[in-house]
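Just so we're on the same page: letters track the sequence lines, and every chain starts at 1.
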Amino acid sequence: MKGSLTVVAFFFIGLLSARQGWIPDSWADESISRYILYGLMFFVGMSIGGDTKVVRTVREQGVRMLLLPAGTMAGTFAGVAVASLFVSRTLADCLAVGAGFGYYSLSSLFITEYKGAELGMVALIANILREIVTLLFAPLLVVLFGKYAPISAGGATSMDSTLPVIAKTVGPELVIVSIVHGIVVDFSVPFWVAFFCSF
Amino acid sequence: MLKVMAVMLSGILAGCLFRRRSRAWLPFVISGFVYLLLLFLGFSIGGNALIMDRLPDLGTEALLLTAGAVLGSVTAAGLIYKWIMRRKA
C-alpha cells in the first residue's frame, strides 16, 4: 500500500512541477517516459525469467493455468462494457482502458500514443485505481467472491504489487497461481490494448 | 508495442541466464523505475492544460470503468472458484 501511495505521490509531484512551470520543456517529452518504460520492462522480464518456481509450475500445470487469467479478461471486458453505457466514450475506447488490467504504466503510454492524451489519462487513473482497490478491498473480495477474487481483481498486478496483500488474504498456497495469473495477464495487455485501439 | 515485447523477452532471457546469480537488487531497481516513470508521466501531463482542466471528468470516467472491470473480474473469479471447488468435492 505504501508503495502505491509513493507511486501516486511521484505522479502528483511530476504533475505539479510541470503545471507550475518548474521543469524545462524537454522533460515533458513523452518519449522519455517511453524509454523509462523499456528499462522497466527489461527488469520486470528479468525478475520473471529468474524465477525457477514459476517455470516449473507452468510446465507441470499446463493449460489449466490459463483458466483464471481468461476469466479475469472476460470478466473485465464484460464489466467494462456495462460501465461504458454510463460513460460518453465508444465501447472500443473503454475496452482499451480496461485492457490495462491494472498495468497503468504500459497501458496509459500506449493509449496516449494511439488515441491521445485524454484517454491515456483515463487509462492511467483507472488502472492505478484498480491496483489500489485490490489492495484496499482484498479481504472483502474474498468474503464475497471467494479466494480467487483478489487475484482476478489485481489483474496484471497480481504478480508483483498486489501479491503481498493477496498472499496475506488468500494464503501462501495460491501465491504461485497469483504470479502465473499476473504474468499471463501482463503479457496480454499490449495485444488487447493495441486490438481495441485499432477501432 | 512489439519493441516492448522484445525488450521484455530479452529481460526474461537475461533472468534465465543469470538465474544462479543474486538478483536481490531487482525489486529495488524495478521500484525505482516505476517511480521515475510516474514522475515523468506527471511531467508530460502536467503541462497539458487541456487535460488538467478536465481532470474531474476524466477521474469520474476512470472510476466507473474500474468499478465495472473489477466487479466483472471478481464475478468471473467467483464462478471459476465455485466450479473448481465442486469438481474437487
So, the part of A/Ala78 with a heavy atom under 4.5 Å from chain B: the answer is neither

Let me check something: do B/Leu26 and B/Phe28 share a hydrophobic cluster, defined by ILVMFWY side-chain heavy atoms less than 4.5 Å apart, either directly or through other members? no

Any link between A/Tyr35 and B/Met8 through a network of hydrophobic side chains (Ile, Leu, Val, Met, Phe, Trp, Tyr) touching at under 4.5 Å? yes

A/Gly100, A/Ala9, A/Ala28, A/Ser108: which one forms the most heavy-atom pairs within less than 4.5 Å of chain B? A/Ala28

Validation row: B/Leu38, A/Phe12 side chains within 4.5 angstrom (heavy atoms): no

The interface call for A/Ile151 against chain B, heavy-atom contacts under 4.5 Å, is neither

Return yes if a side-chain donor-acceptor contact under 3.5 Å exists between A/Thr72 and B/Ser73, otherwise no. no

Calculate, to the nearest 0.5 Å, the distance between atoms CZ and NZ belonging to A/Phe145 and B/Lys82 respectively. 9.5 Å

Establish whether B/Leu39 and B/Leu55 are linked, either directly or via other cluster members, by ILVMFWY side-chain heavy-atom contacts under 4.5 Å. yes

If I measure from the heavy atoms of chain B, does A/Asp186 come under 4.5 Å with its side chain, its backbone, both, or neither? side chain

Per-residue tally against chain B (heavy atom, under 4.5 Å) across A/Leu141, A/Leu15, A/Val122, A/Leu16 peaks at A/Leu15

A side-chain contact here means heavy atoms from C-beta on lying under 4.5 Å apart; do A/Thr6 and B/Val34 qualify? no

Non-hydrogen atoms of chain A under 4.5 Å away: do they reach the side chain of B/Phe18, the backbone, both or neither? side chain

Would A/Leu40 and B/Leu36 count as a side-chain contact (heavy atoms from CB on, under 4.5 Å) if you check the C-alpha gap in whole Å, the side-chain angles of each, and the deciding distance to 0.1 Å? CA-CA 10 Å; A/Leu40 178 63; B/Leu36 203 64; over 6 Å; no

Going by heavy atoms in the side chains, are B/Val29 and A/Met46 under 4.5 Å from each other? no

Less than 4.5 Å apart, side chain to side chain, heavy atoms only: is that true for B/Leu65 and A/Arg89? no

Leading residue by heavy atom contact count with chain A [cutoff under 4.5 Å; candidates B/Ala49, B/Gly47, B/Gly78, B/Gly46]: B/Gly46

Can you tell me how far the CZ atom of B/Phe40 sits from the OG atom of A/Ser105, to the nearest 0.5 Å? 15.0 Å

Proximal component of A/Ile32, with respect to chain B [non-hydrogen, under 4.5 Å]: side chain

Kindly compute the distance separating OH (A/Tyr148) from CH2 (B/Trp83), expressed to the nearest 0.5 Å. 10.0 Å

Quick one: what part of A/Thr134 sits under 4.5 Å from any heavy atom of chain B, side chain, backbone, both or neither? neither

For the atom pair CG (B/Leu9) and CE (A/Met41), what is the distance rounded to the nearest 0.5 Å? 12.0 Å

Leading residue by heavy atom contact count with chain A [cutoff under 4.5 Å; candidates B/Leu17, B/Leu37, B/Val70, B/Asn48]: B/Leu37

Based on non-hydrogen pairs under 4.5 Å, which of A/Arg19, A/Glu113, A/Gln20 is most in contact with chain B? A/Arg19

Determine whether A/Phe110 and A/Phe199 fall in the same hydrophobic cluster, where Ile, Leu, Val, Met, Phe, Trp and Tyr are linked whenever their side-chain heavy atoms lie under 4.5 Å apart. yes

Got a second to check how far B/Tyr81's OH is from A/Ser152's OG, nearest 0.5 Å? 13.5 Å

Minimum-distance pair of heavy atoms, taken over all atoms of A/Ala83 and B/Leu64: CB-O, 3.5 Å

Is A/Leu106 in contact with chain B via its backbone, its side chain, both, or neither, using a 4.5 Å heavy-atom distance? side chain

Name the option with the most non-hydrogen atom pairs under 4.5 Å to chain B; the candidates are A/Leu124, A/Leu129, A/Ile13, A/Asn127. A/Leu129

Just wondering, do A/Ile128 and B/Thr66 contact through their side chains at under 4.5 Å, heavy atoms? no

Of the non-hydrogen atoms in B/Ala76 and A/Gly75, which two are nearest, and what is the gap between them? CB-CA, 4.1 Å

Under 4.5 Å from any heavy atom of chain B - which part of A/Ile23: side chain

Between B/Leu79, B/Ile80, B/Leu50, the one whose heavy-atom pairs under 4.5 Å with chain A are most numerous: B/Ile80

Answer yes if A/Phe10 and A/Met121 sit in the same cluster of Ile, Leu, Val, Met, Phe, Trp and Tyr residues linked by side chain heavy atoms under 4.5 Å apart, and no otherwise. yes

Any heavy-atom pair between the side chains of B/Ile12 and A/Phe42 that's under 4.5 Å? no

In terms of heavy-atom proximity below 4.5 Å to chain B, should A/Val82 be classed as side chain, backbone, both, or neither? neither

Closest heavy-atom pair, B/Ser44 versus A/Ser33, reported as atoms and distance to 0.1 Å, is OG-OG, 4.2 Å

Partner chain B: residue of A/Cys94, A/Gly155, A/Gly98, A/Ser84 with the largest heavy-atom pair count (under 4.5 Å): A/Cys94

For a side-chain contact (heavy atoms from CB on, under 4.5 Å) check, start with the C-alpha distance between A/Ile125 and B/Glu61, then their side-chain angles and the critical distance, and finish with the verdict. CA-CA 9 Å; A/Ile125 300 174; B/Glu61 281 182 26; over 6 Å; no

Is the B/Phe33-A/Phe43 ring centre distance short of 6.0 angstrom? yes

At a heavy-atom separation under 4.5 Å, does A/Val97 approach chain B through its side chain, its backbone, both, or neither? side chain

Would you say the side chain of A/Leu144 lies within less than 4.5 Å of the side chain of B/Val74, judging by non-hydrogen atoms? no

Side-chain heavy-atom pair B/Leu58, A/Leu119 within 4.5 angstrom cut-off: no

So which heavy atom on A/Ala126 is nearest to which on B/Ala62, and how close? N-CB, 3.5 Å

With a 4.5 angstrom heavy-atom cut-off, could you sort out which part of B/Ala14 is near chain A: side chain, backbone, both or neither? both

Test A/Asp160 against B/Ile30 for side-chain contact (heavy atoms from CB on, under 4.5 Å), laying out the working first. CA-CA 10 Å; A/Asp160 45 28; B/Ile30 289 175; 5.9 Å; no

Contacting moiety of A/Phe77, where chain B heavy atoms sit under 4.5 Å: neither

Is chain A contacted by the side chain of B/Ile45, its backbone, both, or neither, given a heavy-atom distance below 4.5 Å? both

Under 4.5 Å, counting heavy-atom pairs only, tell me which of A/Gly120, A/Ala117, A/Gly146 racks up the most with chain B. A/Ala117

Enclosure of A/Asp25 CG (heavy-atom neighbours >12, cutoff 6.0 Å): no

